[in-house]
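Working notes, beginning with the structure itself.
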Amino acid sequence: KQHTRRSSMTSRKVVGVFLNSATHQPHINTLTAMTHGIRETTDNLVFLSNSTKYMDCDVAVIFGSWKDRYTQHHILKNDVINNHKGDLLVVETPLLGRTITEDHRYYRVGKGHYMDSLGYFNNKNSDKDRWGIIRTDLNLNVKDWRKDGKHILFLMQLPGDAATADVDILKWLQDEIVKCKKISDRPIRIRMHPLISSYDLSKFEEFVEKQKDVSMVFGHKDPIAMDLENCWATVSFTSGGSVDSLLAGVPVITPSPLNFAYSLSSHSVEDIENPKMEDRQQLFNDLAYTQWTVTEMAHGLPYKHLLAND
């Protein structure tokens, strides 16, 4: 009987949701919602794991990036990444409507990864319907492309952050600023990451003090919208602030295809005085299908969107 039962279940997938990959309650809530949604809308076998280690499954669900750090949630996520052979769903912070908080209305959900080009979002050439809903829901203000601007805004990311793809982000920033100053005489403003360590900050301050018309602002004090006012262009590696920049009508320069703004951006600071400014509508349509509310997760929508044909 046991053999017969197992044979009848071979078409059902085992889905493992790893609760300890999240550390903040709102993020834990996304994983419990994903668990409920998959259970209610599929015939898959779903387990919500409280383990600190990977458990075998066909589909794994985790929250957030995995970094080379000795904290419990990163140890678990690296264990999942290193040992899981099937589909992976990663829940992350959103791209549209970002705020400095742990509790978001929408969360990004990607298959395989959470960054563009590495992850699959089933969102290429999307219609505008979902964008219209999210734009209204989050009261997003899409500004026309800027006609003029005073300063250039560099968006810092955390050294060692998984999104920087093994690039020494502080050295990259310094090199790009030096290049930029040879091409443009516009003042440069660097928006520092609010979680930067005091050690990294002090090293970077030494560099800034030697530069003319280069200043630092701190991301935990003022919203990015303030720095985008009267801004000529933004420069970043993979910062989500690139999407904020496009919404504000400020062109983006990024060298990385992992950046969700890459397709609408210039890719070198050599273009700083003539950055790319093309129609943004399709990108916003596509971005709308990268993120979901917790309620939508509880109804199984992101799982169906990403894995319905598997």
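Keep in mind that what you see is a predicted model, and the values were worked out from it rather than measured.
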For R39 and F47, work out which heavy atoms get closest and say how close.
NH2-CA, 4.2 Å
Among side-chain atoms of S242 and S236, is any donor-acceptor pair under 3.5 angstrom?
yes
Determine whether the aromatic ring centres of F18 and Y54 lie less than 6.0 Å apart.
yes
side-chain hydrogen bond (donor to acceptor under 3.5 Å, both in side chains): pairs with one or both residues in residues 169-178, sequence neighbours excluded
K171-D175, E176-K179
Do L95 and R108 have side chains that get closer than 4.5 Å, going by heavy atoms?
yes
Proximity of F63 and H73 rings by center, below 6.0 Å:
no
Looking at G37, is its backbone amide N or carbonyl O close enough to the side chain of H299 to form a donor-acceptor pair, meaning the two atoms are under 3.5 Å apart?
no
May I have all residue pairs that pass side-chain hydrogen bond (donor to acceptor under 3.5 Å, both in side chains) and include part of residues 270-289, sequence neighbours excluded?
D127-Y289, S184-E273, R186-E273, Q281-N285, Q282-D286
Could you check whether K53 pairs with D79 (Lys NZ or Arg NE/NH1/NH2 to Asp/Glu carboxylate O, under 4.0 Å)?
no
Side-chain heavy-atom pair I190, F204 within 4.5 angstrom cut-off:
yes
Under 30°, 30 to 60°, or over 60°: which ring-plane class applies to W131 and F284, parallel, tilted or perpendicular?
parallel
Any heavy-atom pair between the side chains of T42 and Y303 that's under 4.5 Å?
yes
Contact between N123 and L287 at the side-chain level, heavy atoms closer than 4.5 Å - yes or no?
no
Check for me whether R130 meets the cation-pi criterion with W292, that is, NZ or CZ under 6.0 Å from the six-membered ring centre and within 45 degrees of the ring axis.
yes
Heavy atoms of A298 and H36 approach each other most closely as O-CD2, 3.2 Å
Determine whether D200 and S197 satisfy the following criterion, side chain to side chain donor-acceptor pair (under 3.5 Å), listing intermediate values before the conclusion.
CA-CA 5 Å; D200 286 325; S197 70; 3.1 Å; yes
Less than 6.0 Å separating the ring centroids of Y114 and F121?
no
Should E229 and R146 count as an ion pair when the cut-off is N to O under 4.0 Å?
no
Kindly indicate, with the supporting measurements, whether the criterion side chain to side chain contact (heavy atoms under 4.5 Å, CB included) is fulfilled by V214 and F154.
CA-CA 10 Å; V214 177; F154 278 74; over 6 Å; no
Can a side-chain donor-acceptor contact be found between T52 and N20 if the only test is distance below 3.5 angstrom?
no
Using a 4.5 Å side-chain heavy-atom cut-off and chaining through intermediate ILVMFWY residues, the residues clustered with V250 come out as L153, L155, I224, L228
Donor-acceptor pair, side chain of Q157 and main chain of T238, under 3.5 angstrom
yes
Whether over 12 other heavy atoms sit under 6.0 Å from D68 CG
no
